[in-house]
**Student:** 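Before we start, here is the structure in question, set down as structure tokens.
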4 protein chains.
Amino acid sequence: MTRDGAEHRPCGRGRPRSEQSRDAILQATLDLLEEAPLREISIQTIARRAKVGKATIYKWWPGKAYLALEAFLENTGRHAPIPDTGSARQDIMTHISMLSNFYLTRAGRIFAQFLAEGQSDPEFRKSFWDCFLSVRRRTVLPMLRRGVERGELRSDVDTDLVIDLLYAPMVYRLMIGHAPLDERAIQGYVTVLLEGLGTRVVDSRRK
Amino acid sequence: MTRDGAEHRPCGRGRPRSEQSRDAILQATLDLLEEAPLREISIQTIARRAKVGKATIYKWWPGKAYLALEAFLENTGRHAPIPDTGSARQDIMTHISMLSNFYLTRAGRIFAQFLAEGQSDPEFRKSFWDCFLSVRRRTVLPMLRRGVERGELRSDVDTDLVIDLLYAPMVYRLMIGHAPLDERAIQGYVTVLLEGLGTRVVDSRRK
Amino acid sequence: MTRDGAEHRPCGRGRPRSEQSRDAILQATLDLLEEAPLREISIQTIARRAKVGKATIYKWWPGKAYLALEAFLENTGRHAPIPDTGSARQDIMTHISMLSNFYLTRAGRIFAQFLAEGQSDPEFRKSFWDCFLSVRRRTVLPMLRRGVERGELRSDVDTDLVIDLLYAPMVYRLMIGHAPLDERAIQGYVTVLLEGLGTRVVDSRRK
Amino acid sequence: MTRDGAEHRPCGRGRPRSEQSRDAILQATLDLLEEAPLREISIQTIARRAKVGKATIYKWWPGKAYLALEAFLENTGRHAPIPDTGSARQDIMTHISMLSNFYLTRAGRIFAQFLAEGQSDPEFRKSFWDCFLSVRRRTVLPMLRRGVERGELRSDVDTDLVIDLLYAPMVYRLMIGHAPLDERAIQGYVTVLLEGLGTRVVDSRRK
DNA sequence: CGCTAACCGAGACGGTACGTCCAGTCTTGCT
DNA sequence: AGCAAGACTGGACGTACCGTCTCGGTTAGCG
């Protein structure tokens with residue numbers, strides 16, 4: 001965790017940071033994110049809601065996006081365990097399906113706003129990647145590796161690229177919103193992708 | 001085109017809209033988008049740059065995002081023709097490759113900001129879809145259809161879903177920015193996808 | 001009449017000025033003055049109300065104050081005839097009393113706004129003087145002269161000064177609004193003034 | 001003092017109001033009033049001149065008129081002491097003469113603009129009355145009372161009315177501007193008024 | 001126990017952009 | 001040529017936030 005309110009204390013002198021304020025701020029942020037997009041939430045409003053001085057927020061976070069990110073990570077970011085059923089195909093399908101459920105909740109909308117924020121703030125984009133996205137991707141790696149080791153998945157495709165292929169369609173629908181992210185769509189995505197990612201026994205493929 | 005400055009006039013009464021002002025506004029917007037993200041551009045600045053009254057902008061566009069969209073469509077949106085080489089696989093690879101080049105230009109960054117804007121403004125999301133995204137998707141349809149008719153592509157996958165699969169990885173990399181959108185990546189994406197989307201002659205697939 | 005819409009026509013060429021528009025504009029102005037002070041009335045509003053182009057107004061009047069003045073003169077400015085009862089004291093009392101009634105109507109409020117306008121627009125102040133105030137003052141002159149000739153009024157006081165003394169208290173109360181301009185007040189003013197302005201024969205008045 | 005920036009603070013919490021800003025705002029207002037009528041001064045200009053945020057002005061004053069009033073009261077409103085020579089006639093003449101000098105300065109023009117403002121803003125009219133006019137009038141009361149007690153002035157005329165009569169002509173000339181407010185005019189006014197207001201012993205005056 | 005450092009709430013501050021409104025000017029086509 | 005309609009530049013309006021800055025007051029650990 002890089003750009004959020006964690007390390008600051010040089011030594012134990014002086015009054016320590018108020019955990020109560022910190023919690024109130026994060027909670028107020030989450031509450032407000034229920035009602036409005038991040039953009040329309042002002043730091044003033046968060047401060048008022050949390051009964052906290054504006055300066056206290058600026059002291060610990062560089063901006064509302066970072067604040068929202070920390071709130072998100074602490075309260076909403078726990079999700080999508082990696083299954084291990086013995087079948088990579090089954091694992092992937094289950095994982096993606098669970099992930100899609102995550103994207104369908106309020107958390108999904110917040111996630112989308114983080115991506116949006118990143119488009120005009122490269123520094124935040126980096127933070128989001130470091131604190132959330134890269135962690136997630138690292139987490140699924142073993143699952144894919146198992147598939148490759150068992151010979152279920154092709155070994156000649158870069159893992160990063162595989163993850164992109166698996167995650168991208170969901171994110172794409174989330175951001176564009178042209179069609180619902182329902183079970184049918186997920187099924188379709190994964191089916192096609194597994195077809196392309198899987199190995200074949202005989203493989204007298206295509207004319 | 002729905003929410004941008006097009007139809008307004010009931011009849012030919014009154015002073016007609018100044019095409020000169022319109023062009024100056026759109027040009028100023030494009031110029032400014034070279035230097036900063038949409039978020040950081042104020043309508044005041046656009047007006048000043050275009051030597052135009054702020055009210056003139058508000059009269060014809062509901063906000064800077066719509067303004068940017070119109071500028072984008074008029075000056076940057078022409079690209080990525082649909083190839084027809086006789087081979088659907090070849091067509092797709094060429095198309096996606098050309099499209100990735102588009103995303104690598106300044107236009108790509110602007111495109112990303114439109115998606116970002118859509119996360120906090122549903123109305124704009126709709127406009128962006130109507131004026132750009134849906135048009136693009138409609139345009140590739142024939143290409144895919146040809147592939148299906150020629151027996152090159154599976155016919156049991158919904159076309160919308162196919163398009164999602166083709167476009168999503170590029171957009172995903174564009175927004176997250178964790179890795180470059182280079183030719184190697186594109187090759188990887190398309191190769192895997194075509195594997196999954198293609199038909200097979202014998203198809204004694206997999207155990 | 002100097003700065004209002006009177007002379008403009010060089011010759012009889014072209015379409016003549018529309019009397020209908022002129023009347024509609026003046027009427028709209030009067031109507032609006034019923035509801036709001038001159039300050040809060042915009043030329044746009046007048047034009048809309050009169051179903052007239054804004055340019056038509058600007059063509060014939062230099063500003064809304066002049067427009068209001070012309071409307072005022074034409075529709076409201078007729079009032080306060082000069083009595084001639086044979087007694088100057090009686091004449092004055094009657095005249096001032098009638099005038100105070102004028103100031104109590106909507107016309108009084110409009111009159112006050114003309115004075116107000118004059119405080120920031122010397123040119124308009126001049127117009128108001130020329131078109132209205134000076135005319136009024138000239139009108140009362142004979143009345144005062146009769147009083148002097150008959151020996152009722154002192155001859156050693158400048159007439160302009162007398163008129164100031166007679167009119168000022170009403171205008172003062174009108175503008176400050178600290179007390180009503182009722183009959184009692186008028187009686188008080190005039191009584192004292194006549195005492196000061198009148199001649200005396202022997203006059204062993206009052207203890 | 002009612003509607004100006006005085007009391008607002010509930011207690012000593014928060015950063016205290018900046019006296020420096022307050023002074024800079026009032027000074028800038030006075031400076032600008034030297035050059036232009038109140039109407040033509042924008043709050044933006046005041047803020048710029050005082051190097052102050054616009055919001056700071058709006059926080060403490062409801063409009064530029066109130067702001068100008070406070071500046072006026074603080075820097076210009078101190079004047080016209082009430083003389084006490086033993087002769088009410090002498091006192092009055094001196095007082096009015098001094099007052100007329102006040103009206104001849106820049107302060108006079110500002111005073112006129114306050115009256116003007118009051119014609120379209122009743123609330124400000126009230127403020128002006130409360131903060132300035134009524135105070136002034138209360139101040140002269142003792143002078144008049146002395147005159148009555150000494151038998152120099154009539155006791156049967158309402159004091160408010162007397163003050164109106166004394167002050168009105170000056171204000172009238174100030175607002176209409178048809179003739180200068182010189183010593184001759186003042187002499188004339190007061191002479192006539194004292195004639196009307198004074199008591200007489202035997203008084204076989206004037207042929 | 002008192003000192004001192006760092007925290008905290010409250011809220012005023014200079015500044016910038018917002019979106020609206022109006023002034024005054026201009027360009028149409030109709031009368 | 002006058003007119004209605006209405007678009008134009010320009011600029012002030014009053015509001016909302018931003019991020020910074022004082023205040024007075026609180027809460028630790030250290031001396």
Side-chain angles (χ1 to χ4, degrees), chain A residues 8-18 20-21 41-45 47-48 50-60 62-64, chain B residues 8-18 20-22 40-45 47-48 50-60 62-64, chain C residues 8-18 20-21 41-45 47-48 50-60 62-64, chain D residues 8-18 20-22 40-45 47-48 50-60 62-64:
Chain A
H8 221 274
R9 219 80 41 69
C11 69
R13 290 263 274 160
R15 177 177 175 177
R17 174 173 182 184
S18 157
Q20 184 188 320
S21 288
I41 298 172
S42 72
I43 291 198
Q44 314 229 110
T45 308
R48 209 160 343 159
K51 279 154 181 297
V52 137
K54 233 189 338 168
T56 305
I57 296 181
Y58 282 109
K59 181 169 185 65
W60 299 105
K64 63 186 169 191
Chain B
H8 226 273
R9 219 80 43 67
C11 69
R13 293 229 278 179
R15 177 176 175 175
R17 176 173 182 185
S18 158
Q20 183 188 318
S21 288
R22 180 177 173 278
E40 293 171 13
I41 298 172
S42 73
I43 290 195
Q44 314 235 108
T45 307
R48 210 152 27 211
K51 280 159 183 295
V52 138
K54 223 181 354 163
T56 306
I57 295 181
Y58 282 109
K59 181 171 186 62
W60 298 106
K64 61 186 170 189
Chain C
H8 219 275
R9 219 83 38 71
C11 68
R13 289 258 275 158
R15 177 176 175 180
R17 174 172 182 183
S18 157
Q20 184 189 320
S21 287
I41 298 172
S42 72
I43 292 198
Q44 314 230 106
T45 308
R48 208 159 0 185
K51 276 155 184 296
V52 137
K54 235 190 333 170
T56 306
I57 295 180
Y58 283 109
K59 180 168 183 69
W60 299 106
K64 62 186 170 190
Chain D
H8 226 273
R9 219 81 42 69
C11 67
R13 293 230 277 177
R15 178 175 172 175
R17 176 173 182 182
S18 156
Q20 182 187 320
S21 289
R22 194 189 100 99
E40 294 170 13
I41 298 172
S42 71
I43 291 196
Q44 316 234 109
T45 308
R48 210 152 28 213
K51 279 155 184 296
V52 138
K54 224 181 354 161
T56 305
I57 296 181
Y58 282 109
K59 180 168 187 64
W60 299 106
K64 61 187 171 192

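Sequence lines set the chain letters: A, B, ... in the order given, protein chains first and strands last, and positions in each chain run from 1. Hydrogens, waters and symmetry mates are skipped; everything else that's a heavy atom, side chains included, is used.
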**Student:** Taking N and O atoms by type only, does the side chain of D:R15 place a donor or acceptor under 3.5 Å from a partner on the base of F:dC23?
**Tutor:**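 Counting by modelled atom types and ignoring angles, no donor-acceptor contact under 3.5 Å is found here.
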
**Student:** Side-chain N or O of B:W60 less than 4.0 angstrom from OP1 or OP2 on F:dG6?
**Tutor:**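 So the side-chain polar atoms of B:W60 never come under 4.0 Å of the phosphate oxygens OP1 or OP2 of F:dG6.
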
**Student:** Just how far, in rounded Å, is C1' of F:dG2 from OH of C:Y58?
**Tutor:**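 Atom-to-atom, C:Y58 to F:dG2, this comes out as 18 Å.
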
**Student:** In Å, rounded to the nearest 0.5 Å, how long is the span from NZ of A:K51 to OG1 of A:T56?
**Tutor:**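 It comes to 14.5 Å.
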
**Student:** Would you say E:dG14 has OP1 or OP2 under 4.0 Å from some side-chain N or O of D:T56?
**Tutor:**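 True: D:T56 side-chain N/O within range (under 4.0 Å) of E:dG14 OP1/OP2.
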
**Student:** Does D:R22 make a cation-pi contact with D:W60, if we ask for NZ or CZ under 6.0 Å from the ring centre and within 45° of the axis?
**Tutor:**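 Not flagged: D:R22 not positioned over aromatic ring of D:W60.
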
**Student:** Quick one: label C:T45 by what it contacts on the DNA or RNA (base, sugar-phosphate, nothing), any heavy atom closer than 4.0 Å.
**Tutor:**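 No contact.
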
**Student:** Which is more 5' along DNA chain F, the nucleotide nearest C:G53 or the one nearest D:R48? Just name the residue.
**Tutor:**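 On the 5' side of the pair lies C:G53.
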
**Student:** Looking at B:R13 and E:dT28, is any side-chain donor or acceptor paired with a base atom of the opposite kind under 3.5 Å?
**Tutor:**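 Result: no qualifying N/O pair found.
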
**Student:** Where each residue is assigned the nucleotide of DNA chain F containing its nearest heavy atom, which of A:A55 and A:S42 is assigned the position nearer the 5′ end?
**Tutor:**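 Its nucleotide being nearer the 5' end, the pick is A:S42.
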
**Student:** At less than 3.5 Å, do the side-chain atoms of B:K54 and the base atoms of F:dG11 form a donor-acceptor pair?
**Tutor:**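 Per atom types, no contact qualifies.
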
**Student:** On DNA chain E, compare the nucleotides closest to D:S21 and B:E40; which residue's is nearer the 5' end?
**Tutor:**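 The residue whose closest nucleotide sits nearer the 5' end is D:S21.
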
**Student:** Rounded to whole Å, please give me the gap between CD1 in A:I43 and P in E:dG11.
**Tutor:**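 For the pair A:I43 CD1 and E:dG11 P, the rounded distance is 18 Å.
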
**Student:** Which part of the nucleic acid, if any, lies within contact of A:A47, taking any heavy atom under 4.0 Å across all strands shown: a base, the sugar-phosphate backbone alone, or nothing?
**Tutor:**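 Answer is nothing: A:A47 stays at 4.0 Å or more from every strand.
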
**Student:** Looking at A:S18, does any N or O in its side chain come under 4.0 Å of the phosphate oxygens OP1/OP2 on F:dT27?
**Tutor:**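 A:S18 to F:dT27 OP1/OP2: no side-chain N or O under 4.0 Å.
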
**Student:** Kindly say if D:K59 contacts the phosphate of E:dA12, meaning a side-chain N or O under 4.0 Å from OP1 or OP2.
**Tutor:**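 Checking E:dA12 against D:K59, a side-chain N or O does come within under 4.0 Å of OP1 or OP2.
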
**Student:** Rounded to whole angstroms, how far apart are CD on C:Q44 and C1' on F:dT9?
**Tutor:**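 For the pair C:Q44 CD and F:dT9 C1', the rounded distance is 14 Å.
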
**Student:** I want to confirm an ordering. Mapping B:I41 and D:K51 to their closest nucleotides on DNA chain E, which one lands closer to the 5' end?
**Tutor:**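 By nearest-heavy-atom nucleotide position, the 5'-most residue is D:K51.
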
**Student:** Rounded to whole Å, please give me the gap between CD1 in A:I57 and P in E:dG11.
**Tutor:**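 Between P of E:dG11 and CD1 of A:I57: 15 Å.
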
**Student:** About how many Å separate OG1 of C:T45 and NZ of C:K54, when rounded to the nearest 0.5 Å?
**Tutor:**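 Rounded to the nearest 0.5 Å, the NZ-OG1 separation comes to 10.0 Å.
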
**Student:** Let me know the distance between CZ of B:R17 and C1' of E:dG29, rounded to the nearest Å.
**Tutor:**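 Answer to the nearest Å: 20 Å.
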
